[in-house]
Amino acid sequence: MGLDQALLYIVATPIGNLADMVPRAIEVLQCADLVAAEDTRHSQRLFSHFDIDTPLMAYHDHSDDVRTEQILQRLQQGQTVALISDAGTPLISDPGYRLVREARARGVRVIPVPGACAFVAALSAAGLPSDRFSFEGFLPAKAGAREKSLQALESDTRTLIFYEAPHRVLDTLEAMAQVFGGEREAVIARELTKAFETIHLAPLAELAEWVRADGNQQRGEIVLLVRGAERRQDATLDAEAQRVMKLLLAELPPKRAAALAADITGVNKKTLYNWSLEQK
Ligand code: SAM
C-alpha cells in the first residue's frame with residue numbers, strides 16, 4: 001500500500017484483546033509518517049506488540065491550537081497522519097473531533113479504518129432491541145445532573161447505551177431504576193473481549209442488586225444498556241379518528257392535523273398528536 005498523499009486515517013484499535021487489531025490498521029500505522037495518539041506511552045505497548053515504529057505525537061481535543069496546527073501542517077505538507085485513541089474507535093467518547101473537523105475544512109482526505117468499539121460490541125451481544133438505539137456516552141458525574149439527563153431519556157423508545165466508570169456503576173444503576181422504573185430491562189457489559197468478560201441482563205432493580213452483591217461487577221470497563229420505554233398504545237384511537245388523521249396528515253403538519261382532527265372527532269388533541277408521531 002502506498003501512502004503518498006495527504007491523508008488523515010482514523011484508526012480503531014482493540015478494546016482489550018489485541019487479536020482484534022485488524023490487519024489494515026497495522027499496515028496504516030506502520031506506513032504513516034506520524035501517529036497522533038491520546039496517550040503516547042499507552043500506545044507504545046500496542047506499537048511494540050505489532051512492530052510499529054512510526055513516531056508518536058500526543059493529541060487530545062483540549063490540546064492547544066499549536067499542537068493541532070502542527071498536525072495539520074504535516075498533513076498539508078503531504079504527510080500521512082493516523083489518529084488513534086487508547087482503545088476502540090477514536091472520537092467515540094475519545095479525542096479527535098477538532099482535528100477531523102479542521103482537517104476536512106482544509107481539504108485533507110479523512111479515511112476511517114474501522115475496528116473495535118465498546119458500545120457496538122455490547123449492543124451486538126446484549127439481547128436488547130438493536131434496530132434503533134441512542135448512544136449517550138458518559139452520564140454527568142454529579143447526582144443531580146445525572147438524574148436530569150436520565151429524566152430527559154425516560155420516554156425514549158430506543159435502546160439507551162451508556163459508558164460508565166466502575167466506581168459509579170452502582171449509583172448509576174440505582175438512579176436508572178428510580179427514573180426508568182425497576183422493571184425496565186437493562187444489561188451490564190463488562191470487560192468485553194477480556195478474561196473476565198461479563199454480559200448480564202436483568203430488570204434494573206435486580207441488576208443493581210446483583211452488582212451491589214458482587215464487588216467484582218464494580219471493576220473494569222463497563223457499558224450499560226437500557227431497554228427503551230414501551231411505545232404508547234394507540235388503542236384509544238378508533239378507526240374513524242385514524243381515518244381523519246391520515247387524511248389531514250397528507251396535507252398538514254402533525255400539530256395542525258391533530259388540532260383539526262380533535263375538533264372533528266372529539267378525541268384529545270395530544271392523543272392524536274402522539275399517534276401521528278408513532279406513524280413515522
Ligand atoms: N473509543 C472507545 C470505544 O470505541 O468504545 C471508548 C473510549 S471511552 C474513553 C472508555 C469507555 O469505553 C470505558 O470507560 C467503558 O465504558 C467503555 N469500554 C472501553 N473498553 C471496554 C471494554 N473492553 N468493555 C466494556 N466497556 C469498555
For Gln218, I'd like to know if atom CD has over 12 heavy atoms of other residues, nucleotides or ligands within 6.0 Å. yes
Quiz item: Under the side-chain contact (heavy atoms from CB on, under 4.5 Å) criterion, do Ile92 and Phe135 qualify, and how do the steps go?
Solution: CA-CA 10 Å; Ile92 305 300; Phe135 172 63; 3.8 Å; yes
Note: Val211 and Leu173 closest approach over all heavy atoms is CG2-CD1, 3.7 Å
What one should report as the nearest heavy-atom pair of Met245 and Ala261 is SD-CB, 3.5 Å
Ala25 and Val11 have their tightest heavy-atom pair at CB-CG1, 3.5 Å
Closest heavy-atom pair, Ile84 versus Leu29, reported as atoms and distance to 0.1 Å, is CG2-CD2, 3.8 Å
Review point. So do the side chains of Ile15 and Cys117 get within less than 4.5 Å of each other, counting heavy atoms only?
Key: no
Under a 3.5 Å distance rule, please check whether Arg227 uses its side chain to pair with a backbone N or O of Pro129 as donor and acceptor. no
**Message:** Within the structure provided, determine whether Val244 and Val267 are in side-chain contact (heavy-atom separation under 4.5 Å).
**Reply:** no
Separation between CZ (Arg256) and CG (Leu248), nearest 0.5 Å, reads 9.5 Å
Begin from the C-alpha positions of Phe162 and Leu153 and carry the test side-chain contact (heavy atoms from CB on, under 4.5 Å) through to its verdict.
CA-CA 12 Å; Phe162 305 87; Leu153 296 166; 3.8 Å; yes
- Query: Does any N or O in the side chain of Glu38 come within less than 3.5 Å of the main-chain N or O of Asp86, such that one atom is a donor and the other an acceptor?
  - Reply: yes
Donor-acceptor pair, distance only, cut-off 3.5 Å: does the side chain of Gln242 make one with the backbone of Leu237?
yes
Evaluate the criterion salt bridge (Lys or Arg N to Asp or Glu O under 4.0 Å) for residue pair Glu27 and Arg24; output intermediate values, then yes/no. CA-CA 5 Å; Glu27 204 179 348; Arg24 184 168 166 235; over 6 Å; no
Distance col, row Arg212:CZ vs Asp171:CG, nearest 0.5 angstrom, shows 9.0 Å
Note to self: One pair to check against salt bridge (Lys or Arg N to Asp or Glu O under 4.0 Å): Arg106 and Glu69. What are the steps and the verdict?
What the structure shows: CA-CA 11 Å; Arg106 298 193 195 183; Glu69 200 52 47; 2.9 Å; yes
Minimal heavy-atom distance between Glu221 and Lys194, with the atoms involved, is OE1-NZ, 2.9 Å
Could you check whether any side-chain heavy atom of Glu251 comes within less than 4.5 Å of a side-chain heavy atom of Leu260, counting everything from C-beta outward? no
- Task: Return yes if some donor-acceptor pair links the side-chain N/O of Gln279 with the main-chain N/O of Trp275 below 3.5 Å, else return no.
- Result: yes
Side-chain donor or acceptor of Ser43 paired with backbone N/O of Thr40 under 3.5 Å:
no
Check: Arg104 side chain, Val110 main-chain N or O, donor-acceptor pair, under 3.5 Å = no
Check whether any side-chain heavy atom of Phe180 lies under 4.5 Å from a side-chain heavy atom of Leu160, and answer yes or no.
yes
Heavy-atom closest pair (Ala122 atom, Leu225 atom, distance to 0.1 Å) is CB-CD1, 4.0 Å
- Taking the side chain as every heavy atom from C-beta outward, state whether Leu128 and Leu201 have any atom pair closer than 4.5 Å. yes
Report yes or no: does Gln30 contribute a side-chain atom to a donor-acceptor pair with the main-chain N or O of Phe50 at less than 3.5 Å? yes
- Query: So do the side chains of Asn216 and Phe196 get within less than 4.5 Å of each other, counting heavy atoms only?
  - Reply: no
Should the pair Trp210 and His200 be assigned to parallel (<30°), tilted (30 to 60°) or perpendicular (>60°) ring geometry? parallel
For the backbone of Asn17 and the side chain of Thr193, can you confirm whether one donor and one acceptor N or O come within less than 3.5 Å of each other? yes
Open item on the list: Walk me through whether Arg98 and Asp65 qualify under salt bridge (Lys or Arg N to Asp or Glu O under 4.0 Å).
Closed with: CA-CA 10 Å; Arg98 267 182 63 205; Asp65 290 339; 2.5 Å; yes
- Message: When you measure from the side chain of Thr89 to the backbone of Ala116, do you find a donor-acceptor pair of N or O atoms at a distance under 3.5 Å?
- Response: yes
